Visitor: 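Let me give you the structure first, and then I'll get to my questions.
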Protein chains: 2
Amino acid sequence: MPERPKKPSKAKARILDAAASLFHQKGFAAATVRDLADAVGILSGSLFHHFPNKGEILFAVMENVIIEMDASLENALAAAIDTKASLRALIRNELEFIHGPHGAATAVLVYEWNTLSPENQSRLLQRRRAYFARWHTVLARAKAEGLVSQDPALLRQLLHGAIVWSVNWYDPAGALSLTELEASVLALACPSQS
Amino acid sequence: MPERPKKPSKAKARILDAAASLFHQKGFAAATVRDLADAVGILSGSLFHHFPNKGEILFAVMENVIIEMDASLENALAAAIDTKASLRALIRNELEFIHGPHGAATAVLVYEWNTLSPENQSRLLQRRRAYFARWHTVLARAKAEGLVSQDPALLRQLLHGAIVWSVNWYDPAGALSLTELEASVLALACPSQS
DNA sequence: GTAAAAACCAAGCACTTGCTTGGTAGACTG
DNA sequence: CAGTCTACCAAGCAAGTGCTTGGTTTTTAC
């Protein structure tokens, strides 16, 4: 009888971790429950002891990351001393999620949103809106102060696109540092400052 | 004459049209050959009279749009009278593809690139690189002229992200016109001008 | 120490997947 | 007209899909 690694009560977390990378790597539809079970080190049927179906695993991955992302942004904004620092926090936070430890889950959240069933989408909609509301608040203030010139809703989408797309090209181990990338995105938003 | 020009049959075009929308809508992996055949109005097996396998349908969708996209950009750049007009052409061209008649195919090209087999990726790589080279040329000139301040390669990725992401939120029938969107993206790139 | 609870296995079911095979209807060409 | 070619149908196969069931092992709680 081969010994299993002792990871007592963190089974669900292990599944979600593996699911995030797998769904990111192969896409939700192409990733099979057997792939996922292999990555975790269990048999495919055992997954359904923890989740009722494959779709709920996707949901859980997304819910986790959206909660952490919003909480992280809340903290970052609380520590920002002025509007420009808030602007930087918006960008920095999203970049850190996309390229940090939660990168896979964040990418899944962004790129597999339409894969979610409508019911599961609406289960996440409130948090999603709350997160975007933080963006809107900061961007609206930035515009009022003349820091940025574009419409907040439009600017949010443009910046969001620029940031999340970086998952497809940016290499954290490469020459460009995250801070430099952050500065570049910030420069897109509010050009007047250096 | 041994070689005669291969004309795309009408049936093949119908399949590719339906495939573009379907792959865009449901994703390549989740779209089945039966879905596709239904959309075309034939039986699933009949698809393989036109294409050897499902993956080659994806490839054909992508190859078509990448060729047209590059040709369209070439024309637009040839008509641009100065660097700023060229900059505008880069942005406009991509926006028109994402939101015009080739929108579905363009989205598939962008978002399903990693779905392509490595062999098929390299079959498209040359055209892909040629397209990006046009961007680089213009952006490098723009930087030399002081129109933009960011590194060309970096700026290209940021703009590309902002533009392609618009497929997820922009509604051509809505209040914001394509021209206004184009102006906004241009403002991201070269803020100094109005 | 023991019993409940949680985690997992072993096997497989019902269905779907991409794709194949062998054939047919109709248009085109000589 | 016969002959060829393209587009399609009808039927189905082998492999893979998400998920279920019934039982066993491991962990936790008292």
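The structure presented is a predicted model; accordingly, all values stated were derived computationally and were not measured. When reading the values below, keep in mind they use all heavy atoms of this one structure, side chains included, and skip hydrogens, waters and symmetry mates. Convention: sequence-line order gives letters A, B, ...; per-chain numbering from 1.
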Visitor: Tell me the interatomic distance from A:Glu56, atom CD, to D:dC19, atom P, rounded to whole angstroms.
Guide: 10 Å
Visitor: Return the value, rounded to whole Å, for the distance between atom CD1 of B:Ile42 and atom C1' of C:dT24.
Guide: 16 Å
Visitor: Looking at A:Arg34 and D:dG16, is any side-chain donor or acceptor paired with a base atom of the opposite kind under 3.5 Å?
Guide: no
Visitor: Do the side-chain N and O atoms of B:Glu56 and B:Asn120 include a donor-acceptor pair separated by under 3.5 angstrom?
Guide: yes
Visitor: Within the 4.0 Å heavy-atom criterion, would you say A:Ala31 contacts the bases, only the backbone, or no part of the nucleic acid?
Guide: sugar-phosphate
Visitor: Over 60° means perpendicular and under 30° means parallel, so tell me whether A:Phe97 and A:His102 are parallel, tilted or perpendicular.
Guide: parallel
Visitor: Within the structure shown, what part of the strands sits under 4.0 Å from B:Ser46 by heavy-atom distance: base, sugar-phosphate, or nothing?
Guide: base
Visitor: Can you tell me the distance, in whole Å, between the NE2 atom of B:His50 and the C1' atom of D:dA7?
Guide: 6 Å
Visitor: Check this for me, if you would: do A:Glu96 and A:Arg92 make a salt bridge, where the nitrogen-to-carboxylate-oxygen distance has to be below 4.0 angstrom?
Guide: yes
Visitor: Is any side-chain N of the basic residue among A:Arg128 and A:Glu63 closer than 4.0 Å to the acidic one's carboxylate O?
Guide: no
Visitor: Using whole Å, what does the distance between atom P of nucleotide C:dG22 and atom CG of B:Leu43 come to?
Guide: 18 Å
Visitor: Looking at the side chain of A:Ala11, which of C:dC19, D:dC19, C:dA7 is the nearest nucleotide?
Guide: C:dA7
Visitor: Over how many whole Å does the gap from A:Asp38 atom CG to D:dG16 atom C1' extend?
Guide: 14 Å
Visitor: Take the protein atom NZ of B:Lys10 and the nucleotide atom P of D:dC8, then report the distance between them rounded to whole Å.
Guide: 10 Å
Visitor: Out of C:dC8, D:dT17, C:dC19, which has the shortest distance to the side chain of A:Arg14?
Guide: C:dC8
Visitor: Give a yes/no on whether any side-chain N or O of B:His49 is located under 4.0 angstrom from OP1 or OP2 of D:dC8.
Guide: no
Visitor: Can you check the A:Leu36 CG to D:dG16 P distance for me, whole Å?
Guide: 18 Å
Visitor: Ion pair present between A:Arg134 and A:Asp70, side-chain N to carboxylate O less than 4.0 angstrom?
Guide: yes
Visitor: What is the distance from CZ of A:Phe51 to P of D:dT20, rounded to the nearest Å?
Guide: 15 Å
